Amino acid sequence: MNYIGALDQGTTSTRFIVFDGKGIIVASHQVEHQQIYPKPGWVEHDPWEIWDNSCECISKALKKANLQGTDIQGIGITNQRETIIAWNPKTGKVWHNAIVWQDLRGADLIEELKTKVDASFLQKRSGLIFSPYFAASKIAWLLDSVPDLRDAATKGDVVFGTIDTWLTWNLTGGKALVTDVTNASRYLLMNIETCQWDDELLALFNIPRQALPTIVPSSGVVYATTSPSGPLRCEVPVCGILGDQQAALFGQACFSEGLGKSTYGTGCFLLVNTGHQAVASEQGLLTTVAYQIGTDKPMYALEGSIAVAGSLVQWARDNLKIVQDPKELDKLAASVPDCGGVYIVPAFSGLFAPYWRSDARGVIAGLTGFVTRAHLCRAILEATAFQAHDIFKGMEKDSGIEMTTLKVDGGLTNSKPLMEFQADLLGIPVIRPLVVETTALGAAYAAGLSVGVWKDLDELAAYWQEECRWEPKMEAQERMQKIRFWKKAVNRTLDWVSTEHEEE
């Protein structure tokens, strides 16, 4: 029997899942880690806590599966993207806590660079936009703020790596110092066409090339074997890496141009495969690497992110206290045929793609005496579907690809009213897979391909199984009317926060 392990390192927890040769979960173990907030807008993790938790998850998942490390054919890694760690790869000295993707300490540098560099240059070169979200400004902050770090980096005594680099280096006992193309494409330092570190981008952020890991394919390569002194107690190939959202795309078997997935969690991430072409977005979306297998040309994707999705349900529970749990919200939402004319735009921290308006703030529009708690609950769910629709249509415009289905995963896909409405709004079937742990599955697929557990992408696509499908039932006229009201509600959020002096 073949077994593949997937180490899934997320923003709040780490888990290790053992899959069998058909991509079915055999066993798993998960451990949360501490969130560190030194200042408002700053978020950090302890790198050694993450590594210790990874070791615990591997050991306990193997024990649950009644397996030894020698039973595992290969290890795949998937990880929270953009989070950066600085350490000495020769001694293991960590120079600073990991700076998490949510961290905003690079914002001042980004604002300064906006005045010097045209955004179109940045987009064409990296596929990304000016934002402290990406790794480059975090690395620049570390170089400028941690004593002696720049000198050490120049000498080759420091590597700035995302979590995948850190885990691979630890798993292999220091033999591999790599990051895959999907993670590298989130640094704001990689040339999106050549998939190599870009000299002009490095100069822009004043980051020495020798302080970065080697960029490698996502699959089709064994980076190194695990150290016998590590949690597997033997040598196992580490042979697949994908950033979390790309891993979900891979796990959903979106291997062809035009196939897309949407992950409905705290936020919502929608990616569509654009094939071998890096499509530059005109709709406020990101161009990113979807995956690369061996020496094949990389596959690209367009990505759109929604900041508030599942967290809006939590807000209704914890702040408004109109429900006790998500199941109650679902039940209330399903008890009414529509939103009763109510539209909620959760622009709690401005509007993200495709609007990018930091001056916006959330609104509840269309209130009348007819509206009940059930209508509010339905509007809360529909807000996520409307936001996903905005991004979905932007992707179609950018790529010129008309998507015919949408594969979905994440906790919010348990909401039947939301999934039904999403299908209605998009006018295409929405499909949830049998194995919903698509992020870990994608990492397992990448590793298994590398060591011959699976022969090709066609075999993986054949293993993908549909669990649930929601077909659109709404008439086109009703759909267009709802979208028109949604856009009116979005307009009501704009210019709420003004930096100019306003008369009292």
Side-chain angles (χ1 to χ4, degrees), residues 11 40-41 43 101-102 104 107 129 131-133 262-270 283-285 304-326 328-330 332-333 336 338-394 410-412 415 417-418 421-422 425 481-500 502:
T11 307
V43 190
W101 61 271
Q102 301 148 313
L104 298 175
I129 61 173
S131 174
Y133 172 34
S262 189
T263 299
Y264 295 78
T266 303
C268 180
F269 292 86
L270 183 58
Q283 307 294 323
L285 307 176
S305 57
I306 296 164
V308 180
S311 56
L312 187 61
V313 175
Q314 294 172 320
W315 175 77
R317 179 195 66 191
D318 300 337
N319 292 39
L320 297 189
K321 301 188 185 302
I322 61 173
V323 293
Q324 291 186 334
D325 56 49
E328 183 185 4
L329 188 138
D330 253 26
L332 283 164
V336 290
D338 54 45
C339 63
V342 176
Y343 293 80
I344 298 177
V345 186
F348 293 162
S349 301
L351 286 169
F352 285 63
Y355 304 101
W356 299 111
R357 291 289 295 265
S358 58
D359 60 308
R361 288 297 180 269
V363 300
I364 302 176
L367 288 172
T368 64
F370 170 76
V371 171
T372 66
R373 182 168 64 126
H375 293 114
L376 284 176
C377 288
R378 190 167 186 92
I380 284 165
L381 291 178
E382 290 185 357
T384 292
F386 280 118
Q387 291 178 96
H389 171 271
D390 286 343
I391 291 174
F392 184 92
K393 291 304 175 183
L412 268 186
S415 170
L418 171 57
F421 187 73
Q422 188 71 86
L425 209 56
Q481 183 182 30
K482 288 182 179 295
I483 292 168
R484 189 164 60 249
F485 274 107
W486 164 256
K487 291 190 180 299
K488 287 176 71 173
V490 168
N491 284 332
R492 301 297 190 272
T493 71
L494 304 179
D495 296 316
W496 191 264
V497 177
S498 177
T499 55
E500 299 175 8
E502 296 178 337

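On a predicted model such as this, the values are computed, not experimentally measured, just so you know.
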Review point. Rounded to the nearest 0.5 Å, what separation is found between the CD atom of Q283 and the CD1 atom of I391?
Key: 11.5 Å
**Study point:** Atom pair NZ/CZ of K488 and R492 - distance to nearest 0.5 Å
**Key:** 6.0 Å
How close do [X] and [Y] get, counting heavy atoms only, and between which atoms?
X	Y	answer
L412	A309	CD1-C, 3.8 Å
S262	L270	CB-CD1, 3.5 Å
I344	W486	O-CZ3, 3.3 Å
L285	G304	CD2-CA, 3.9 Å
Q102	T11	OE1-CG2, 3.9 Å
T384	I306	O-CD1, 4.4 Å

Exercise for review: Please identify each residue that fulfils ring pair (Phe, Tyr, Trp, His ring centres under 6.0 Å) with Y264, with sequence neighbours left out.
Suggested key: none
With a 3.5 Å cut-off and sequence neighbours excluded, list the donor-acceptor pairs that the side chains of residues 364-383 form with protein atoms.
residue : atom : partner : partner atom : Å
T368    : OG1  : F370    : N            : 3.3
T372    : OG1  : A374    : N            : 3.3
T372    : OG1  : H375    : N            : 3.4
T372    : OG1  : H375    : ND1          : 3.0
R373    : NH1  : I322    : O            : 2.6
R373    : NH1  : E328    : OE2          : 3.3
H375    : ND1  : T372    : N            : 3.0
R378    : NE   : E382    : OE2          : 3.1
R378    : NH1  : A333    : O            : 2.9

Show me the pairs that pass salt bridge (Lys or Arg N to Asp or Glu O under 4.0 Å) and involve [range], at least two apart or across chains.
range	value
residues 306-324	none
residues 342-354	none
residues 383-394	D390-K487, K393-E396

**Study point:** Side chains of N491 and L494 in contact at under 4.5 Å (non-hydrogen atoms)
**Key:** yes
Practice item. Would you please name every residue forming a side chain to side chain donor-acceptor pair (under 3.5 Å) with T263, sequence neighbours left out? Key: K261, D409
Check your understanding: Once the angle between the rings of F421 and F386 is folded into 0 to 90°, is it parallel (under 30°), tilted (30 to 60°) or perpendicular (over 60°)?
Key -> perpendicular
